[in-house]
Participant: 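One structure, as structure tokens, below. Some questions next.
Treat the numbers as computed from the prediction; the structure is a model and nothing was measured. All values below were derived from every heavy atom in this structure, side-chain atoms included, with hydrogens, water molecules and symmetry-related copies excluded. Indexing begins at 1, ligand by ligand and atom by atom, following the structure's order.
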Amino acid sequence: MEIFKNIPEIKYEGSKSTNPLAFKYYDADRVIMGKKMSEHLPFAMAWWHNLCATGTDMFGRGVADKSFGAIEGTMEHAKAKVDAGFEFMKKLGIKYFCFHDVDIVPEAEDINETNRRLDEITDYILEKMEGTDIKCLWGTANMFSNPRFVNGAGSSNSAEVFAFAAAQVKKALELTVKLGGRGYVFWGGREGYETLLNTDMKFEQDNIARLMKMAVAYGRKIGFTGDFYIEPKPKEPMKHQYDFDAATAIGFLKAHGLDKDFKMNIEANHATLAGHTFQHDLRVSAINGMLGSIDANQGDMLLGWDTDEFPFDVYTATMCMYEVLKAGGLTGGFNFDAKNRRPSYTVEDMFEAFILGMDTFALGLIKASEIIEDGRIDKFIENRYSSYKNSELGKKITSDDATLEEIASYATDKGVCALPGSGKQEGLEAIVNSILFG
Ligand code: XLS
Ligand code: CA
Ligand code: CA
């Protein structure tokens, strides 16, 4: 049974098209830098926002109808969401989905009943996957909504809560393997603190690492060959969250010997909440060999919270794709962890939001490849550090066998230091503009 009756299959019509239900830039088969757009951009649908979120906020009830013809809170509804999700992905040409355990079934009081429902629904998802090329990008456990996680999951003060978190991770890993997922995400929902007056920070962080180590050992045992991801976020819901940003999360992974099994899942809105640009957190991950996957959304710089908007900002998407191309692509994908604004509550809005997001990233890919092929920016950066390559002094410093006395004597012999050369920011920004709009 067709659910989105008035929505056709979405096709590429080119930038001059005025059809709201067509791609203007995302042309799946177009080849950019030797690869098809669809290979550069493995897009994913986030089950929670697209199939579950109805637009509730702190001041009002839901406005979007996500019942898909079934009664909410039932297994029939869970199945209707699967039907809706697969029709939605097929119509847009999206090949991946991401899920939390409790997005795909209504959670029961007893975890054993929830697990039974999870087995049933994933059998149904597997059935739907057959004969399509739709796959799971990553799975995760929701360890933040249930009241038991009020003080965190791995970081909870309660050993019993830790055990329930472990049980959820175990099950979510099994489901991810069952659905052929490329990755498994830990977003530290409530892994943080409200006040240090009641918190043993070291103990909590050690326990989070314990949970992750157990997950790695179990995942490898049951045949999970993909990457584990940490998705950094600095705050919200907790005042302070332990995985503040990429640099903090990478430091944590290295300190606990987890860096071989984990990479980063970088969300744009979380990077900006941390006071960084999206590009910054992508670069930090990439230079550490840990750029795994991306939650493709954007925040509102005028608001201090996690708005999870569909990506619209082409500058940001371009700089994201510049990082991704330079890093040689992602082992993960681009998950639209984004929701329609509350007043955009129709079915057409759901599709138009994805078209916007996919077109924004397609434009970002096209423009990033043009920046790289143009070469002026990369050449400028190379020249900027050339004193380390072209001078005896520079070579000595980077040979790593110089002493402080030797290097200092260069300065004292010379007496006065020359200026280090212009940073040319405005000139470089003008190059970017001419590539974007020229
Ligand atoms: C919430 C996070 C969450 C993760 C998965 O802010 O973005 O949705 O992506 O748990
Ligand atoms: Ca978010
Ligand atoms: Ca996210």
Participant: Name whichever N, O or S atom of Glu267 ends up nearest to the Ca ion (ligand 2).
Facilitator: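 For Glu267, the N/O/S atom sitting closest to the Ca ion (ligand 2) is OE2.
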Participant: Closer than 4.0 angstrom: is that true for some heavy atom of Val185 and an atom of ligand 1?
Facilitator: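 No heavy atom of Val185 comes that close to ligand 1.
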Participant: Taking the basic N atoms (NZ, or NE/NH1/NH2) and the acidic carboxylate oxygens, is any pair closer than 4.0 Å for Lys79 and Glu127?
Facilitator: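 Salt bridge between Lys79 and Glu127, a charged N being under 4.0 Å from a carboxylate O: no.
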Participant: Return yes when at least one N/O/S atom of Asp308 is nearer than 3.0 Å to the Ca ion (ligand 3), and no when none is.
Facilitator: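 No.
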Participant: Out of all atoms in ligand 1, which are within 4.0 Å of some heavy atom of Glu267? Include the element for each.
Facilitator: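 Going through ligand 1 atom by atom, the ones under 4.0 Å from Glu267 are 7 (O).
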Participant: Below 30° counts as parallel, above 60° as perpendicular, anything between as tilted: where do the rings of Tyr242 and Tyr193 land?
Facilitator: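 Tilted.
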Participant: Just by distance, with hydrogens left out, do Asp300 and Thr307 show a side-chain donor and acceptor under 3.5 Å apart?
Facilitator: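 Side chains of Asp300 and Thr307: no pair found under 3.5 Å.
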Participant: Restricting to N, O or S atoms, which atom of Asp295 is closest to the Ca ion (ligand 3)?
Facilitator: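 Nearest to the Ca ion (ligand 3) within Asp295's N, O and S set: OD2.
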Participant: Among Asp308, Asp337, Asp245, Asp306, find the residue that satisfies the salt bridge (charged side-chain N to carboxylate O under 4.0 Å, His left out) test when tested with Lys233.
Facilitator: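 Among the candidates, only Asp306 passes.
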Participant: Taking Glu107 as the fixed residue, which of Arg148, Arg117, Lys171 is the one that meets the salt bridge (charged side-chain N to carboxylate O under 4.0 Å, His left out) rule?
Facilitator: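 It is Arg148; the other options fail the test.
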Participant: I'd like the atom name of the N/O/S atom in Glu231 lying closest to the Ca ion (ligand 3).
Facilitator: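 Per the distance ranking, Glu231 contributes OE2 as its closest N/O/S atom to the Ca ion (ligand 3).
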Participant: Once you restrict to heavy atoms under 4.0 Å, what part of Asp308 touches ligand 1? Side chain, backbone, both or neither.
Facilitator: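 It is neither part, as no heavy atom is under 4.0 Å.
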Participant: Using a strict cut-off of 4.0 Å, indicate which atoms of ligand 1 neighbour a heavy atom of Asp295.
Facilitator: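 With Asp295 as reference, the close atoms of ligand 1 come out as 9 (O).
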Participant: I'd like to check which ligand 1 atoms, numbered from 1 as shown, lie under 4.0 Å from a non-hydrogen atom of His270.
Facilitator: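 Heavy-atom distances to His270 below 4.0 Å select 2 (C), 6 (O), 7 (O).
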Participant: Does Lys367 reach the main-chain N or O of Ile435 with its side chain, forming a donor-acceptor pair under 3.5 Å?
Facilitator: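 Checked: pair present.
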Participant: Can you sort out which atoms of ligand 1 are near Asp306, meaning under 4.0 Å from one of its heavy atoms?
Facilitator: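 By the 4.0 Å cutoff, the relevant atoms are 6 (O).
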Participant: Look at atom 8 (O) of ligand 1 and say which protein heavy atom is nearest, naming residue and atom and giving the distance to 0.1 Å.
Facilitator: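 The answer is Asp337 OD2, 3.3 Å.
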Participant: Would you check if there is a donor-acceptor pair between the side chains of Asp295 and Asn335 at a distance under 3.5 Å?
Facilitator: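 There is such a pair between these side chains.
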Participant: Count the heavy atoms belonging to other residues, nucleotides or ligands that lie under 6.0 Å from CD1 of Ile71, then report whether that count exceeds 12.
Facilitator: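 At most 12 heavy atoms, drawn from other residues, nucleotides or ligands, come within 6.0 Å of this atom.
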Participant: Between Tyr184 and Phe224, is the ring centre distance below 6.0 Å?
Facilitator: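 Ring centroids of Tyr184 and Phe224 are no less than 6.0 Å from each other.
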Participant: Counting only nitrogen or oxygen atoms and a 3.5 angstrom limit, does Lys233 reach ligand 1?
Facilitator: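 Checking ligand 1 against Lys233, an N or O pair does fall under 3.5 Å apart.
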Participant: Any chance the side chains of Ser158 and Glu160 put a donor and an acceptor closer than 3.5 Å?
Facilitator: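 Their side chains do not contain a donor-acceptor pair, so the 3.5 Å distance test is not met.
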Participant: Just to confirm my output: which protein heavy-atom neighbour is closest to atom 3 (C) of ligand 1, and how far is it?
Facilitator: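 So the nearest neighbour among protein heavy atoms is Trp187 CE3, 3.7 Å.
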Participant: Crowded around Tyr345 OH? As in, over 12 foreign heavy atoms under 6.0 Å?
Facilitator: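 At most 12 heavy atoms, drawn from other residues, nucleotides or ligands, come within 6.0 Å of this atom.
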Participant: From the Ca ion (ligand 2) out to just under 3.0 Å, does an N/O/S atom of Asp337 turn up?
Facilitator: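 No.
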Participant: Please state which protein non-hydrogen atom is closest to atom 5 (C) of ligand 1 and give its distance, to 0.1 Å?
Facilitator: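 Here the closest protein heavy atom is His100 NE2, 3.2 Å.
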Participant: Tell me whether ligand 1 is touched by Glu236 - counting only heavy atoms on the residue side and a distance under 4.0 Å.
Facilitator: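 The answer is no, since Glu236 has no heavy atom less than 4.0 Å from ligand 1.
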Participant: Geometry only, no angles: is Glu231 polar-contacting ligand 1 at N/O separations under 3.5 Å?
Facilitator: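 The answer is yes, given that Glu231 and ligand 1 share an N or O pair closer than 3.5 Å.
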